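Below you'll find the structure, written out as structure tokens, and then a few comments.
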There are 2 protein chains.
Amino acid sequence: MRIQDIAKACGVGVTTVSRALNDQPGIAAATKRRIREMARTLDYQPNEHARNLRASNRVIISLIVKGPTNPFFLEIQDLVDRDIRARGYFLSVVRVPHAHDEVAAAKGALAVTHPAAMIFLGGWFDRSPADFAHVTVPSVLCTTPCAPHLDGADYSSVAIDDKRGIADVVTHLHALGHRRIAFLGSDVADRSVGHLREQAFSAALAECGIPGDTTLVRRGDTQHEPYSYDYGYSLAHRLLVERPDVTAIVAMTDALALAAIRAATDLGRVVPDDLSVTGFDGIEITRFTTPRLTTLVQPTETIVSATCDLLFSLMEGEENRHILIPGTLRVAESSARVKECAS
Amino acid sequence: MRIQDIAKACGVGVTTVSRALNDQPGIAAATKRRIREMARTLDYQPNEHARNLRASNRVIISLIVKGPTNPFFLEIQDLVDRDIRARGYFLSVVRVPHAHDEVAAAKGALAVTHPAAMIFLGGWFDRSPADFAHVTVPSVLCTTPCAPHLDGADYSSVAIDDKRGIADVVTHLHALGHRRIAFLGSDVADRSVGHLREQAFSAALAECGIPGDTTLVRRGDTQHEPYSYDYGYSLAHRLLVERPDVTAIVAMTDALALAAIRAATDLGRVVPDDLSVTGFDGIEITRFTTPRLTTLVQPTETIVSATCDLLFSLMEGEENRHILIPGTLRVAESSARVKECAS
DNA sequence: TTGTAAGCGTTATCAG
DNA sequence: CTGATAACGCTTACAA
């Protein structure tokens, strides 16, 4: 079923059919209606590859996912796919393992798939302008905010306010009387939001008047995917063995928090009675674990729709922008008032 | 960077370059080496769309995911993507909501994307030959077994042995003394593995000499995605309120099992002391929850590599086959010996 | 062993 | 308002 078949069936040329189906001007209303009717009858659907061959008319959006095993990203991906398809575009997902370079992956996708635009999910926040020069189509960083040291004119971003979110978490724990609070972060080489959240953690502690203690800020080696349960478990286990005096743990993500709870339980500690644990992201499972996780919930629908709105505005020639969206602290069962006697 | 650029740089024609890069015969070894060298130097990567335009040379595999929010499928997807890319093909993922028709979605993907082959992840097991007639490329059903009432010559499949797996679960619970065992299944209209597992459950009960009790087999309405936590929670909550005498719950999937544990906890029951709960699939989080879930673990790597091996053999003209892979019962903390006094 | 040219299905240009 | 025709980048008969 090609465009020619429709043309023949209607007794018109292929150009007219193309114009009718793409809502272009310069065509009689009656003809247009007749053609669209016929296309629907014959269940015609244009060949994606033929459309994409011409540089001017691309219908593919690439989604570059850095750290594809991160459960939070899986929820985001689903929403992005829905949104992009609803706009008549196709999504092409490229997985990039945490240790690899997503800009290189983006260049590859650009050469092979020739997308109309790109979305970066996760990834490093401190790219240089030179990095973005390689990305020759409009692009938006999703969940990665504008880097503090860049002016941000070279790219766009939509992200949660990590600094504010972590501050909310720390303030919550501080109000519950916690003073020896540890942080579970990303690996030492990481430059993604995990790093930002760690900085935010230290800043928030200072804000509360708690002296910083670098031995309580934990980062793993670069062997494991730092957004996995296994990583969180080993990190938390070691922390709790070495520093049994901590009364609260702030985890960079929900997955780490859940793994930390498990590690604590295995060490004979009861959450939240002996130890408070907080997460970040608000993935679905956190509402169904025991205890339910206290976490900073990211409004995923809002983030995704803002990302896509911004992306399509860029495709229409608008300027780069940076959008920061507030999260919401959901207090649940994994955090409680400190029992100082316990330590 | 087109194939012409390489040709010009090497002083040869485009045909020669194409042949060199695609390992085709009829080319001097020296020329071939020279061309490949140059292609690497210039970082040439062929345009995916141009390649796919010719029917004979397709490089895309479609993955039709029925019920894309099922966490188990997310783990499978990741592995499929890796395997397909390693073979030099591209994966195009199509999400199909649980209530929609995946054969219709497949037809759409066929018309738009023109894949070389298709993988169906999840979906209904009792398709008719007419359904498969629409799928004009080699295809494999992944995690959905050959339907009992079809001869299976029309399609291929790779799946876990659901019947055996559920039997292992039920036998385990029976050995722990459980007699009033409930099942949490899919919605009433469903014809996917959830339905198969329900039948296997009834058969296994009979095998153990436990009389069937239809009020203990729970299926939801068609309003919710039946592989979601929310669905599992409401199903389990209602069951436990109406039949507080059940001592064990067999859930169709891990997500349902975890949600059931949460529902039980909210009703004041302690798992596994007052109630045993088992899952199915062995998703990652089940090793980190409290209690750790007793579940039937699917060997995902084995399933995925068998699926891809089979798919590529079909593309080379081999016959349809049906592969059944055994799962492994992982006994953990969510199941224990029944305390009859409790009821 | 190599090169020329046709064709894949679509959209854009330009002439009717 | 409409239609023939040339692109897009690649593979592959067929010719040299």
Side-chain angles (χ1 to χ4, degrees), chain A residues 1-36 38-39 42-60 88-90 109-116 136-137, chain B residues 1-36 38-39 42-60 88-90 108-116 137:
Chain A
M1 181 56 50
R2 303 156 313 168
I3 204 169
Q4 270 210 13
D5 301 325
I6 311 288
K8 228 163 251 168
C10 293
V12 298
V14 290
T15 313
T16 310
V17 176
S18 177
R19 277 202 272 254
L21 297 178
N22 294 317
D23 252 333
Q24 280 170 9
I27 181 171
T31 318
K32 184 166 168 178
R33 202 165 345 102
R34 190 160 51 92
I35 292 174
R36 300 190 85 133
M38 179 63 78
L42 297 181
D43 193 31
Y44 165 76
Q45 291 181 275
N47 182 318
E48 180 190 325
H49 305 297
R51 293 225 269 165
N52 278 285
L53 211 46
R54 287 190 82 91
S56 56
N57 210 82
R58 304 267 161 82
V59 292
I60 288 186
Y89 282 68
F90 298 87
L110 223 40
V112 170
T113 308
H114 295 269
T136 53
V137 295
Chain B
M1 180 59 48
R2 302 154 312 161
I3 204 169
Q4 270 210 13
D5 301 327
I6 311 288
K8 227 163 251 167
C10 292
V12 298
V14 290
T15 313
T16 311
V17 177
S18 177
R19 277 202 271 255
L21 297 178
N22 294 319
D23 252 331
Q24 281 171 9
I27 180 171
T31 318
K32 184 165 167 177
R33 201 163 349 99
R34 189 159 51 90
I35 291 173
R36 300 189 86 135
M38 180 62 79
L42 298 181
D43 193 31
Y44 167 75
Q45 289 180 277
N47 182 319
E48 180 191 325
H49 305 295
R51 293 224 270 164
N52 277 286
L53 213 45
R54 290 186 80 87
S56 56
N57 210 81
R58 305 262 161 86
V59 292
I60 288 186
Y89 282 69
F90 298 86
L110 224 40
V112 170
T113 308
H114 295 269
V137 296

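First the proteins, then the strands, lettered A, B, ... as listed; each starts at 1. Values in this document were obtained by computation on a predicted structure and should not be read as measured data.
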(message) Any heavy-atom pair between the side chains of B:Asp23 and B:Lys32 that's under 4.5 Å?
(response) yes
(request) Would you kindly give the CZ-to-C1' distance between A:Arg58 and C:dA12, to the nearest whole Å? (result) 15 Å
(message) Quick check: closest heavy atoms across A:Arg58 and A:Tyr89, and the distance to 0.1 Å?
(response) O-CE2, 3.6 Å
(message) Would you say B:Asn57 places a side-chain N or O within less than 4.0 Å of OP1 or OP2 belonging to D:dT12?
(response) yes
(message) Are B:Ile35 and B:Thr16 packed together at the side-chain level, in the sense that at least one heavy-atom pair is separated by less than 4.5 angstrom?
(response) yes
(request) Going by the side chain to side chain donor-acceptor pair (under 3.5 Å) test, name the single residue among B:Glu48, B:His49, B:His114 that passes it with A:His49. (result) B:His49
(message) What's A:Glu48 touching, base or sugar-phosphate or nothing? Going by heavy atoms closer than 4.0 Å.
(response) nothing
(message) Base, sugar-phosphate or nothing for A:Asn22? Non-hydrogen atoms, less than 4.0 Å.
(response) sugar-phosphate
(request) Give the nucleotide from the list C:dA5, C:dG3, C:dT10 with an atom nearest to the side chain of B:Thr16. (result) C:dG3
(request) Could you check how far CG of A:Leu110 sits from P of D:dG9, rounded to whole Å? (result) 14 Å
(request) Let me know the distance between CZ of A:Arg19 and P of D:dA4, rounded to the nearest Å. (result) 12 Å
(request) State whether the distance check finds a donor on one side and an acceptor on the other, under 3.5 Å, for side chain A:Arg51 versus base C:dT10. (result) no
(message) Whole angstroms only, please: what is the NZ-P distance between A:Lys32 and D:dC1?
(response) 11 Å
(request) Check if the side chain of B:Thr15 and the base of D:dT12 share a donor-acceptor pair of N or O atoms closer than 3.5 Å. (result) yes
(request) Send over the distance from B:Arg33 CZ to C:dT1 P, rounded to a whole Å. (result) 14 Å
(request) Return the nearest nucleotide to the side chain of B:Val14; candidates are D:dC10, C:dT4, C:dG3. (result) C:dT4
(request) Would you kindly give the CD1-to-P distance between B:Ile3 and D:dC8, to the nearest whole Å? (result) 15 Å
(request) Give a yes/no answer on whether the side chain of A:Tyr44 brings an N or O atom under 4.0 Å of OP1 or OP2 in C:dG9. (result) no
(request) Grab the NE2-C1' distance between B:His49 and C:dT11 for me, whole Å please. (result) 15 Å
(request) For B:Arg54, answer base if it contacts any base atom (sugar-phosphate contacts may also be present), sugar-phosphate if it contacts only those atoms, and nothing otherwise; contact means non-hydrogen atoms under 4.0 Å. (result) base
(request) Using only side-chain N and O atoms of B:Thr31, determine if any of them is under 4.0 Å from OP1 or OP2 of C:dT2. (result) yes
(request) Grab the CG-P distance between A:Leu53 and D:dC10 for me, whole Å please. (result) 9 Å
(message) On DNA chain C, compare the nucleotides closest to B:Ala50 and A:Gln24; which residue's is nearer the 5' end?
(response) B:Ala50
(message) Quick test of your reading of the model: are B:Lys8 and B:Asp5 salt-bridged, counting only N-O distances below 4.0 Å?
(response) no
